[in-house]
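By convention in this document, chain letters (A, B, ...) are assigned in the order of the sequence lines, proteins followed by strands, and residues within each chain are numbered from 1.
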Amino acid sequence: MAVEQKPQYTKADFESENDVRWCPGCGDYAILSAVQAVMPTLGIPKEKFVFVSGIGCSSRFPYYMNCYGFHTIHGRAMTVATGVKSINPDLSVWVITGDGDGLSIGGNHFLHAIRRNQDFKVLLFDNKIYGLTKGQYSPTSELGKKTKSTPMGSIDNPVNPVSLAIAAGATFVARTVDNNVKHMKEMFTRAANHKGTAFIEIYQNCLVFNDAAFENYTEKDVKNENSIYLENGKPLIFGKNSDKAVKLSGFHPEIVNLSNGNSKDLLIHDEKIKDRGLSYMLGQMGVENEGLPVVFGVLRCIEEPTYQERLLEQEKTAKSQKPKTSLEEILNSGDTWVIK
Amino acid sequence: MVTQEVNKKKETLEEATIRFAGDSGDGMQLTGGQFTNATAIVGNDLSTLPDFPAEIRAPAGSLAGVSGFQIHFSSKEIHTPGDILDVLVAMNPAALKANLKDLRPGGMLIVNTNAFTETNLKKAGYDKNPLEDGLGQKYQLFTIEISRLTQLALQDLNLPGKLVDRSKNLFALGLMYWLYTRPMEQTIEWLNKKFASKPDILKANLKVLKAGYHYGETTETFISQYEIKQAKIHPGKYRNITGNEATVFGLIAAAQLSGLTIFLGSYPITPASDILHELSKYKHIGIRTFQAEDEIAAIGAAIGASFAGGLGVTTTSGPGVCLKSEFIGLAIKTELPLIVCDIQRGGPSTGLPTKTEQADLLQVMFGRNSESPVPIVAAATPGDCFETMLEAVRIATTYMTPVFFMSDGYLANGSEPWKIPQVSELKKIKINYRTEKEGFFPYLRDEKTLARPWAIPGTPELEHVIGGLEGEQITGKVSYDPINHDAMVKLRARKIAQIANSIPDIKVVNGEEKGDLLILGWGSTLGAIIAATELLIEKGYKVSNAHIRHLNPFPNNLGNLLKNYKKVLIPEVNLGQLRMLIRAKYLIDAQGLNIVGGQPLKIQSIVEAAEKLL
Ligand code: SF4
């Protein structure tokens, strides 16, 4: 049996020689390191990775990867990624964006790339603030958030990136957080192996303009009470002593205390359900639906034909239906006449 | 019924200009299109001007809903759809009112009298029926009951009234076929194909078409029939072509000549959408088209495609160019090949979506932040869109740069006979993807072209990052260094300016290399300028004309050419945009003729403007 030769890489192969210019202590460093660590494990030749970004702190990411990269313009990375992947569906394309880039100026493209099931990964670094422009509120900033542009507090309702992605029909949706390296790597690996748009919201700490925005999910003494790490086919157990779970009461999630011997009818996670209801409800927990823990992990992962598969399929059909036409034949098609 | 043979005179004419005008729902574009095909088959030279409202269904019978199709055909070479009409076919009062001003005194006015009802007259704003108001003294008025004759022709078929009424345009078409001795086979074949699955409608349409023809032949309404002999144009194989079709053919040819995969990212916009529609039919030869969510996504995807080694193309009109300008800047900075097609229309803002204009020149030249030069080429006739597109692709791929391809509503929808080029005579477009690792830097330039290498994702060991931030010469690494930025700004300018060394010298089209007046134009004014120059030369003036295809950079010899004439006149469908560029660059006191009415310039206007300067 022929053994396929898989390329051998180390993490260092994916580290560029450019100086990383994020603020010391920025959550972006951990994300970069996790991505670089995952790349060698995927069995994909290095030259086939393409990192496409927009504008913002996170969007400097391609410069720090030793891969093909395109640092494009504000909000438009997904459009460029669409073209890259449509010309060469063989590439592994990663879009790096942020809450401002992806959801504010790029909101339209976010919606349409996802509904088309474009075959690329989208890593959205959510720090709930504009970092690069020095601290204005973003579409994910909470109501009442005081920033340079909202001295009396934001009067905008925030958007939940995960809700938006699911509503648009994302075939893969996950959430992770910058201080959980192991979990990030797991999510990136899952995303890499998914066919179609793989969307990951990454809670990312901006220590300069919005420090501790995610401390409920990162600080030792509180994080277990506030976060649920999803496992497919398993109940949503959480809590310091793994003594809590979630159950449905009608359409509403409710916390049950397992120590009371109350383990009947627990909600079991199923990421493969086509109906978006369950994943939508999970995504809302702790965000739009306050007072509940926030879920991390893969909320939804279903199989559907990708845009690129459909594109190639149509091309194949067209080729089988119409004979190969030469330029000569095309120019001479239709009504013609000869002048002598 | 015995058909009576009426002996009719056959007069030979050199040329004619006719216009079909009716309600948007009357099928005037289709009628004009069919008449054009039949005229092409006869071998006349021709030029067409479709003119339709922006509203898909403006209120029936209203002035806003009038749709027209003009065709000028001749046994001589012609260049424009004609200034004035010899024949106007008006299907209702609104069509009469909107178009009568263009009919020459003594011209033929054919009207469908059944449509001249009190309601329709009112909708068109007539107090009195103009047909009873002395029109016959100024024009040869033919009042024909086209609607009723159509009904009569179909009375034994038992079709719904609406359907019957809708086929009346074919009566007019048949009548004009007879009047100008055109063959009907082409149209019959087309109807056969179109209504193959609806035999009732097919039968009705054929009947009405023939009824119109026979009406001309047998009744005594018309005393003579006209003939326009085959034009003595260059021998070869011809087809009729619109500007948008030629643009599509240009792209297909460019794909084949370069071996590149064309990726069109586009968002529907009048008058460019037909390019998207047409190109989408060529999936079987590997052309990829993408209808994006907006103009920005359309160009973004095209740039992504070019980065990945395809040829990114985006098609739009002026308003779309506004939205794309930030991305065009990115393509300039990252030095990727890209074709941006601006099919101009009337503006500003939404303006006149279906009408023509040339007022985007300064927009495509300067409409971006900072110093951001882009080569510009403009097509001059519908058929010329083909060659101009090949030139755009040659420049984009040779020099690694976005290129503007400019056309306009008049070229896009207008048509002319086009001599089909020999594929073997088309120049190959050489593409060199970089694969060699040794000595690779993303911005290390070719000494001659100053182009940077095209190293596409998937190529081992050439991994690199490009982006919108200013980069260092050679390495392309992000750099904020003032000396480097100054050098890069100048380098980018020089790279585009030196493209002039690869473009042909501008030649005088008509007249001498020296003289009293040069009429200089660009884009779709060529036909009217040539015709005007010919008239002026006939009158004995020392007038010449020249036309610019390359608007940025200009041909190297343009400055010298301009100095050979005492005066320069630049007619444009804008307020003097080329004139501004010419004056700034060559310090010449060029004069303008600027009429911005959503219509092509008239020959007569140019003649008058020239005579004022002579
Ligand atoms: S501003 Fe915030 S997000 Fe940006 S680099 Fe600094 S810490 Fe990171």
Side-chain angles (χ1 to χ4, degrees), chain A residues 16 18 45-53 55 62-63 65-88 90-91 108-109 111-112 311 314-315 317-328 330-340, chain B residues 37 40-41 43 186 230-231 233-240 249 252-253 256 261 263 265 282-286 288 290 292-294 296-297 299-310 312 326-327 330 334 420-421 423 456-469 477-478:
Chain A
S16 90
N18 291 326
K46 189 163 81 102
E47 65 271 16
K48 292 204 168 166
F49 288 106
V50 182
F51 284 80
V52 184
S53 65
I55 296 292
Y63 292 114
M65 294 291 301
N66 186 16
C67 292
Y68 283 100
F70 202 158
H71 179 217
T72 71
I73 55 175
H74 204 14
R76 319 296 177 196
M78 287 190 227
T79 70
V80 173
T82 294
V84 170
K85 188 74 185 179
S86 297
I87 278 291
N88 187 353
D90 216 25
L91 300 169
N108 194 31
H109 311 308
L111 163 68
H112 292 282
L311 173 84
Q314 242 183 22
E315 211 165 89
T317 310
K319 281 179 182 163
S320 70
Q321 282 171 354
K322 284 191 201 169
K324 183 155 172 46
T325 334
S326 70
L327 178 57
E328 188 105 46
I330 292 168
L331 298 183
N332 285 277
S333 61
D335 296 332
T336 60
W337 67 96
V338 174
I339 303 274
K340 293 214 174 93
Chain B
N37 287 347
I41 296 297
Q186 215 70 28
Q230 198 179 69
I233 39 184
H234 297 288
K237 195 168 173 194
Y238 282 79
R239 62 176 298 149
N240 193 47
F249 281 179
I252 293 172
Q256 308 239 338
T261 299
F263 177 92
Y282 290 92
K283 291 186 170 55
H284 64 294
I285 56 166
R288 295 187 176 161
F290 170 61
E293 60 270 30
D294 58 28
I296 300 173
I299 185 172
I303 289 175
S306 289
F307 176 54
E326 186 185 9
F327 251 134
L330 181 70
T334 53
I420 302 168
V423 170
I456 64 176
T459 316
E461 304 195 68
L462 296 186
E463 290 88 354
H464 64 282
V465 181
I466 57 171
L469 288 170
K477 284 194 174 149
V478 176

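Annotation for Ile87(A) and Arg288(B): closest pair O-NH1, 3.4 Å, computed over non-hydrogen atoms. Among all heavy-atom pairs drawn from Thr72(A) and Val52(A), the shortest one is CG2-CG1, 3.9 Å.
Per-residue counts of heavy-atom pairs under 4.5 Å with chain B were compared for Arg76(A), Met78(A), Lys85(A); the largest is that of Arg76(A). With chain A as the partner, the residue from Ala297(B), Pro457(B), Gly310(B) showing the most heavy-atom pairs under 4.5 Å is Pro457(B). In terms of heavy-atom pairs under 4.5 Å with chain A, the best-connected choice from Gly43(B), Gly236(B), Gly467(B) is Gly236(B). Looking only at heavy-atom pairs under 4.5 Å with chain A, the residue among Gly286(B), Ala253(B), Ala305(B) that has the most is Ala305(B). Contact tally against chain B (heavy-atom pairs below 4.5 Å) for Ala81(A), Ser333(A), Pro45(A): the top residue is Ser333(A). Comparing His109(A), Lys48(A), Lys46(A) by how many heavy-atom pairs each has under 4.5 Å with chain B, the most go to His109(A). Among Asn240(B), Ile299(B), Ile303(B), the residue making the largest number of heavy-atom pairs under 4.5 Å with chain A is Asn240(B). Among Thr317(A), Asp90(A), Val338(A), the residue with the largest count of heavy-atom pairs under 4.5 Å with chain B is Val338(A).
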Steps toward side-chain contact (heavy atoms from CB on, under 4.5 Å) verdict (Val80(A), Phe327(B)): CA-CA 10 Å; Val80(A) 173; Phe327(B) 251 134; 3.7 Å; yes
Please test Glu47(A) against Glu463(B) for side-chain contact (heavy atoms from CB on, under 4.5 Å), starting from the C-alpha separation and ending with a verdict. CA-CA 6 Å; Glu47(A) 65 271 16; Glu463(B) 290 88 354; 3.4 Å; yes
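Classified by interplanar angle (parallel below 30°, tilted 30° to 60°, perpendicular above 60°), the ring pair Trp337(A)/Tyr238(B) is parallel.
The distance from the OG atom of Ser86(A) to the CZ atom of Phe290(B) is 7.0 Å, given to the nearest 0.5 Å. For the atom pair OG1 (Thr79(A)) and CD1 (Ile73(A)), the distance works out to 7.0 Å, reported to the nearest 0.5 Å. With values rounded to the nearest 0.5 angstrom, Asp335(A) atom CG is found 5.5 Å from Asn37(B) atom CG.
Both the backbone and the side chain of Ile233(B) come within less than 4.5 Å of a heavy atom of chain A. Ile466(B) touches chain A through backbone and side chain together, each having a heavy atom under 4.5 Å away. For a residue to count as touching a neighbouring chain, one of its non-hydrogen atoms must lie under 4.5 Å from one of that chain's; by this rule Gln256(B) touches chain A with the side chain only. In this structure, chain A has a heavy atom under 4.5 Å from the backbone of Ile456(B), while its side chain stays farther away. Contacts of Ser306(B) with chain A are absent, with no heavy-atom separation under 4.5 Å from either backbone or side chain.
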